[in-house]
Amino acid sequence: MFWDNYTETIDRISLQKLQLKLLQKTIERAQHAPYYRALLQQEGITPDTIRSLDDLRRIPFATKDILREQYPYGFLAVSRDEIVRMHSSSGTTGRATVIFHTISDIKEWASLIARCMYMTGVRKSDVFQNMMGYGLFTGGIGFHYGAEQLGALVIPSGPGNTKRQIMLMREFETTVIHIIPSYALHMIKAFADEGIDPKKDLKLRIAYLGAEPHSEETRRRVEAAFGVRAYNSYGLSEMNGPGVAFECPEQNGMHVWEDSYILEVINPKTLEPVKDGEEGELVFTTLKREGMPILRYRSRDLAAVYPDPCPCGRTHRRITRIKGRTDDMLIVKGVNMYPVQIEKTLLSFPEVGTNFLIILDHKDYNDHMTVKVEVSSAMFTGDLKTLHNLKKAITERLRSEILITPEVQLVEPDSLPKTEGKAVRVIDNRKQWG
Ligand code: ADP
Ligand code: ZN
């Protein structure tokens with residue numbers, strides 16, 4: 001059941017001792033990076049002035065902007081000869097940040113992924129189809145190395161080309177997939193178009209959903225349609241990529257691997273820590289990274305820590321689903337909301353298909369919100385007008401979730417734009433109004 005029995009079930013006191021030791025080591029390494037050399041000197045921080053985990057709070061936060069300022073090598077803590085790999089963020093919110101790894105960083109990262117996969121029941125006998133982007137993005141190669149370390153057979157299919165994905169699944173009897181949730185939803189329709197029922201025609205049993213916010217409703221749909229158990233996988237390139245936090249068989253919160261990262265949860269406005277159970281911004285410190293240690297990185301991702309231990313026996317704390325990034329928050333008519341709230345509401349209707357788009361405009365001095373919703377192909381008879389009641393019901397349920405009344409437009413199945421990478425859910429035309 002455990003990939004690394006000792007580490008996964010280590011008691012909290014020993015875990016904290018380990019974290020302190022690794023933190024001191026990380027600071028020693030960070031002192032070699034141009035950015036940290038200056039910063040730590042200025043703050044009077046050396047490994048031996050960090051005497052407890054609380055001392056971590058003396059170190060200023062790192063942000064995406066600082067990483068961008070220090071682009072490309074300001075955070076590099078080893079000579080360039082030691083670096084064997086570069087990755088970058090997807091650049092969802094601006095210029096991408098770059099991350100460098102030594103050979104040991106790559107091994108450590110892979111072993112975290114192997115741990116995640118093993119935890120959810122993957123073994124050497126499995127066939128793993130990795131439908132995440134290969135290349136600078138961390139989702140593809142990151143998982144690939146982990147699955148190889150575990151010993152599974154890896155099919156590095158990458159994303160897109162849905163027909164070929166289905167062919168590979170069928171011919172090589174794929175049992176495990178790794179996929180972006182919005183693409184998984186899209187595949188449900190593709191299976192129907194190909195006349196395939198994955199539950200009967202394929203051998204799939206496990207799916208990893210990661211890289212973008214998604215709701216419990218999305219998980220349930222994927223599980224029902226693919227005939228799998230689906231697990232939430234969280235990571236960010238600044239902290240390697242996938243393998244930072246992962247669901248265990250309980251499917252109730254993601255364990256953050258605290259032997260490799262220190263997790264803090266802060267109020268993004270006051271920057272003070274929040275209590276367990278309260279939502280805040282996740283802040284991470286690398287504990288094993290050689291090439292590019294990062295201390296107290298503000299992820300901008302919002303989630304809460306579970307206050308209670310997990311019945312699975314792992315002692316590493318769990319976080320909730322990610323609600324979104326602080327910058328994903330939409331303010332419409334003065335009301336705050338996150339796209340995932342809309343996703344959750346829409347997918348609670350079986351009549352709703354697998355794609356939607358939020359469009360924000362400024363009309364008559366007021367915000368206007370349109371939600372375009374694909375209806376499911378099973379429901380679609382060729383005339384959207386007959387679905388008047390559905391439209392009304394969706395509008396009502398959205399109003400109770402987001403507290404404003406959007407204009408709901410039902411559209412034909414498969415008519416909205418699709419992406420192979422992270423889904424674009426919002427088009428905000430108000431920006432021109434400043
Ligand atoms: P970028 O920050 O440019 O999107 P990354 O590829 O590093 O580039 O993406 C990491 C981000 O993706 C995370 O900070 C988070 O916002 C999002 N993310 C990753 N996994 C999940 C997940 N399971 N649930 C929600 N969001 C996720
Ligand atoms: Zn657990």
Side-chain angles (χ1 to χ4, degrees), residues 1-3 8-9 63-65 67-68 86-99 109 113 115-116 118-121 132-143 159 178-182 184 207-216 218-219 222 230-258 261 281-284 294 297-303 306 308-329 338-340 343-344 419 421-425:
M1 184 180 162
F2 299 101
W3 174 252
E8 290 173 55
T9 60
T63 61
K64 228 180 178 96
D65 285 340
L67 285 176
R68 284 179 184 138
M86 176 183 126
H87 274 290
S88 95
S89 66
S90 312
T92 313
T93 58
R95 183 170 170 192
T97 49
V98 289
I99 304 293
W109 179 16
I113 301 277
R115 187 194 289 180
C116 297
Y118 196 89
M119 166 167 80
T120 51
M132 285 278 173
Y134 277 70
L136 286 170
F137 176 55
T138 56
I141 302 190
F143 243 83
H178 179 207
I179 185 166
I180 289 199
S182 50
Y208 299 128
L209 304 180
E212 63 184 12
H214 58 289
S215 62
E216 197 57 40
T218 296
R219 184 224 300 273
V222 172
Y231 296 94
N232 195 357
S233 154
Y234 168 78
L236 56 166
S237 53
E238 293 82 0
M239 295 292 123
N240 289 347
V244 175
F246 214 87
E247 275 183 339
C248 69
E250 300 287 325
Q251 291 183 308
N252 185 16
M254 297 182 279
H255 289 281
V256 175
W257 297 126
E258 294 179 279
Y261 304 96
E281 177 180 347
L282 305 178
V283 173
F284 294 101
I294 304 181
Y297 181 68
R298 290 187 58 183
S299 68
R300 302 190 283 182
D301 291 326
L302 295 170
Y306 282 56
D308 49 329
C310 185
C312 78
R314 289 176 184 81
T315 47
H316 301 239
R317 289 179 300 164
R318 287 170 297 162
I319 52 170
T320 59
R321 279 184 187 284
I322 309 289
K323 183 167 161 195
R325 297 180 213 241
T326 42
D327 28 4
D328 287 338
M329 188 177 80
Y338 285 84
V340 75
E343 183 219 88
K344 180 174 91 177
T419 46
K422 303 188 188 208
V424 179
R425 295 299 196 196

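Atoms within a ligand are numbered from 1 in the order they appear, just like the ligands themselves. Just so it is clear, the structure is predicted and the values come from calculations on it, not from any experiment.
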Does the side-chain hydrogen bond (donor to acceptor under 3.5 Å, both in side chains) test come out yes or no for Thr218 and Glu343, once each step is laid out?
CA-CA 8 Å; Thr218 296; Glu343 183 219 88; 2.7 Å; yes
Checking Asp328 against Arg300 for the salt bridge (Lys or Arg N to Asp or Glu O under 4.0 Å) test, could you report, in this order, the C-alpha distance in whole Å, the side-chain angles of both residues, the deciding distance, and whether it holds?
CA-CA 9 Å; Asp328 287 338; Arg300 302 190 283 182; over 6 Å; no
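Close approach of ligand 1 to Gly91 is summarised as follows: ligand atoms under 4.0 Å from at least one heavy atom of the residue are 3 (O). For ligand 1, the atoms sitting less than 4.0 Å from at least one non-hydrogen atom of Asn232 are 22 (C), 23 (N), numbered in the order shown with element in parentheses. Near Leu236, the atoms of ligand 1 lying under 4.0 angstrom from a non-hydrogen atom of the residue are 7 (O), 10 (C), 14 (O). The atoms of ligand 1 that sit less than 4.0 Å from any heavy atom of Ser233 are 20 (N), 21 (C), 22 (C), 23 (N). Those atoms of ligand 1 that come under 4.0 Å of a heavy atom in Ser237, given as number and element, are 7 (O).
Among residue pairs with one or both ends in residues 247-257, those qualifying as salt bridge (charged side-chain N to carboxylate O under 4.0 Å, His left out) are Arg219-Glu247; sequence neighbours excluded.
Residues passing the side chain to side chain contact (heavy atoms under 4.5 Å, CB included) test with Met1, sequence neighbours excluded: Arg314. By the side chain to side chain contact (heavy atoms under 4.5 Å, CB included) test, Tyr297 is found to be paired with Ala62, Lys64, Leu67, Leu236, Glu238, Met239, Ile294, residues two or more places apart in sequence or in another chain being considered.
Of all protein heavy atoms, the one closest to atom 24 (N) of ligand 1 is Glu212 O, 3.4 Å. Closest to atom 12 (O) of ligand 1 among all protein heavy atoms lies Lys422 NZ, 3.0 Å. For atom 17 (C) of ligand 1, the closest heavy atom belonging to the protein is Ala211 O, 3.5 Å. Regarding atom 4 (O) of ligand 1, its nearest protein heavy-atom neighbour is Thr92 OG1, 2.4 Å. Taking atom 6 (O) of ligand 1 as the reference point, the nearest protein heavy-atom neighbour is Ser90 OG, 2.8 Å.
Between the CG atom of Leu302 and the CD1 atom of Ile322 there is a distance of 8.0 Å, given to the nearest 0.5 Å. Between the CE atom of Met254 and the SG atom of Cys116 there is a distance of 11.0 Å, given to the nearest 0.5 Å.
In terms of polar-atom proximity, Phe137 is not counted as a contact of ligand 1, lacking any N or O under 3.5 Å from an N or O of the ligand. Considering backbone and side-chain atoms together, Met254 places no N or O closer than 3.5 Å to any N or O of ligand 1. The shortest N or O to N or O distance between Asp301 and ligand 1 is below 3.5 Å.
Side-chain atoms of Lys422 come within 3.5 Å of backbone N or O of Ala211 as a donor-acceptor pair. A donor-acceptor pair is defined here as one N or O able to donate and one able to accept, closer than 3.5 Å; such a pair exists between the side chain of His316 and the backbone of Glu258.
Contact of the Lys323 side chain with the Pro213 side chain is not registered, since no non-hydrogen atoms from C-beta on lie closer than 4.5 Å. Looking at heavy atoms from C-beta onward, Pro242 lies in side-chain contact with Ile113 at the 4.5 angstrom threshold. Between Gln251 and Tyr231 there is a side-chain heavy-atom pair separated by less than 4.5 Å.
Ring geometry for Phe246 against Phe143 counts as tilted: the plane angle lies between 30° and 60°, on a 0 to 90° scale. In this pair, His87 and Trp109 present their aromatic rings perpendicular. The plane angle is above 60°, beyond the 30 to 60° band.
Protein atoms that are N, O or S and lie under 2.8 Å from the Zn ion (ligand 2) are these: Cys248 SG, His255 NE2, Cys310 SG, Cys312 SG.
Looking at Gly235, Gly210, Pro213, Pro181, it is Gly235 that brings a heavy atom closest to atom 19 (C) of ligand 1.
Under 4.0 angstrom from ligand 1, there are no non-hydrogen atoms of Thr138. Neither the backbone nor the side chain of Ala96 comes within contact range of ligand 1; no heavy atom lies under 4.0 Å.
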